[in-house]
Amino acid sequence: MTFTEHTELIRRFADDFTALQEAVLARMNGICPPEVAAALEHASLAGPITVALAHADVLARGAVRCAELSAQPPERLRRLRAHARKVRRARSQAEALYKERRARRLAGRSRPVDMLELRLARMASPAAFAEALRQELRDRGLPDGTPQAPESDLARWAWDRRTAGDELQAPVRELRDCDDDAFVQALLRDAREEENPYLPHDAVVERWSRHARAALAWGRYAIGQAERDVVARPLSVRPTRLEALDDAYQDTAVLAARRREALLRVTELHDRMWACMTTGPFAEIIAQCRAAALVRFADAEPELWHSVRELTVRHQAHCPERADGCPHCHRALAALLTDAHPADTGQDGDSEHPAAALPAGADRYAVLADLPDTAVVAVADAAVGDESALCGYGWAAEDGTTGYGESLASSSGEAEVIGICAAALSLLEHHEDAPVVLLCDSTEAVDAVNTALRSADPAATHRTLLFPESRRLMDRLLRHRHRVQVRWLKGHIGHDLNETADAFARLALRRATGRTPSSTARKEEARILRSLGSGTGPLSVAA
């Protein structure tokens, strides 16, 4: 093949998504012509290949699910599952290759290395250095917070200054200025109706990347609704319902591909922003700001600055990389400093995992030691699947009652919130005036529910709760917020109620997806209740 023909083939794959995907899948299956395989190795196609495989991955899993629900012959189902596994493996390999090639490309760039004292001070006390940088920017006449600290936003400032004269087209301004819900709706139209050519614009692409996850979640929501409808039907009438499920998978495949494309586009933008920040006049301005901020830092934190200087001098006396400015040494040195100055880290070690503060050997139930005797305590858990937004939740209480059910969730965190709300509402109904305490092993869910309970505002959880099902439950729970507490409990440490809740959540998910029929589910319920043990009183299941 001539060089010109090779170039033409690369250009064709870059411009024709269907041709690229067919070539990638042919290579995966070992039936790709040598000239096509050679073209696919070109560095410019590393990113687009990951987009094509993100699309193919969803379609392959959708084909498996539709076959499972239509009772296809076992041999066909085996072939579809094998194909789906191959696509998933090829997708993972393609994404790893893209990361590797980008890392090699970035490694070839010569980036200025800040002086070690600056990097060490910035890492040892980020809040103090950020404030010093803010003050320096204000004194230089820059608008307050532009560029903002932390200094990664200096790249945004430099890029905005460079592109300040660009006139935005009306469709770009509309995408930039609309609210979040309207932007997600634009992403859904992009996938389901017509591709929006303005999404990759520099003024919009970061927002596209941020909200692509929410758009994809709504695609999985449509899959979940269609799957529910199919599972509820007898096999004889499922074929017509399966068309809606296949359509939902087709739309979600596009959403998955566009999400991957958004990530590639924003990565490329950030690379250009960084290049702008590290070269030319912007690099000089930024270096001046950092150096002056370091002087301010030294004045504000004399004791810490003395430690920084002393540690730097001692380190550079023997470091083999001192001629290059010790480019990688500041992290290890900062760890030494933060050990010596724990107050400078600005971190609360107990904030993420409260149970970690318990003394060694303490009773694993000590987290409940401060509760009144009348409190009703339960543990909630949830399970989510890969293909759709369908989720299962389960809970088990100390009074012997249990429950489980299914819903739709955009993430494991949202599913856990649904479990907490469902359990709390059931217990509140059956225990008048008693305080109800829910334990959960998801820090995201615990934080989300507690934020809503403290503020009495369900909107406070909007980052976790995307779908109407979870928001309705949260609205109902807030009416009883003065009787409800939610606490974190480390999962899978042998806590009987936690293990029971987990088992019920997984059973609920299997039932929701039709993988466990009702007759089998009843036997599984009985087995789970027996495993909870005797001596806990009568148990009842509220499905």
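Computed from heavy atoms alone, side chains included, the values below leave out hydrogens, waters and symmetry copies.
For E206, the salt bridge (charged side-chain N to carboxylate O under 4.0 Å, His left out) partners two or more places apart in sequence, or in a different chain, are R156. With sequence neighbours left out, the ring-ring contact (aromatic ring centres under 6.0 Å, His included) criterion links H211 to F183. Partners of H315 according to the ring-ring contact (aromatic ring centres under 6.0 Å, His included) rule, which considers only residues two or more places apart in sequence or in another chain, are H318. For R322, the salt bridge (charged side-chain N to carboxylate O under 4.0 Å, His left out) test picks out no residue, with sequence neighbours left out. Qualifying salt bridge (charged side-chain N to carboxylate O under 4.0 Å, His left out) partners for R85, counting only residues two or more places apart in sequence or in other chains: none. Not a single side-chain hydrogen bond (donor to acceptor under 3.5 Å, both in side chains) links R481 to another residue, sequence neighbours left out. Residues passing the side-chain hydrogen bond (donor to acceptor under 3.5 Å, both in side chains) test with K99: none are found, sequence neighbours excluded. Contacts of R210 classified as side-chain hydrogen bond (donor to acceptor under 3.5 Å, both in side chains), with partners at least two apart in sequence or in another chain: none. With sequence neighbours left out, F282 forms a ring-ring contact (aromatic ring centres under 6.0 Å, His included) with no residue at all. Judged as a ring-ring contact (aromatic ring centres under 6.0 Å, His included), and not counting sequence neighbours, W305 has no contacts. Evaluation of the side-chain hydrogen bond (donor to acceptor under 3.5 Å, both in side chains) rule for R265 yields E261 as partners, not counting sequence neighbours.
At distances below 3.5 Å, not a single donor-acceptor pair connects side-chain atoms of R259 with backbone N or O atoms of A215. Of the possible donor and acceptor atoms, one in the side chain of E414 sits under 3.5 Å from a partner among the backbone N and O of F467. Under the 3.5 Å distance criterion, the side-chain polar atoms of Q21 are matched with a main-chain donor or acceptor of A52. No donor-acceptor distance shorter than 3.5 angstrom exists from the side chain of R88 to the backbone of A60, with no hydrogens or angles considered. Remark: the backbone N or O of L187 is not paired with any side-chain donor or acceptor of N196 at under 3.5 angstrom.
Note on residues 39-53: pairs passing salt bridge (Lys or Arg N to Asp or Glu O under 4.0 Å), not counting sequence neighbours, are R27-E41, E41-R101.
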(message) Between L294 and M115, is the side chain to side chain contact (heavy atoms under 4.5 Å, CB included) condition met? List the steps.
(response) CA-CA 10 Å; L294 185 61; M115 57 190 296; 4.0 Å; yes

(message) What verdict does the ring pair (Phe, Tyr, Trp, His ring centres under 6.0 Å) test give for H42 and F13, after you've listed the backbone C-alpha separation in whole Å, the side-chain angles of each residue and the deciding distance to 0.1 Å?
(response) CA-CA 11 Å; H42 195 269; F13 290 150; over 10 Å; no

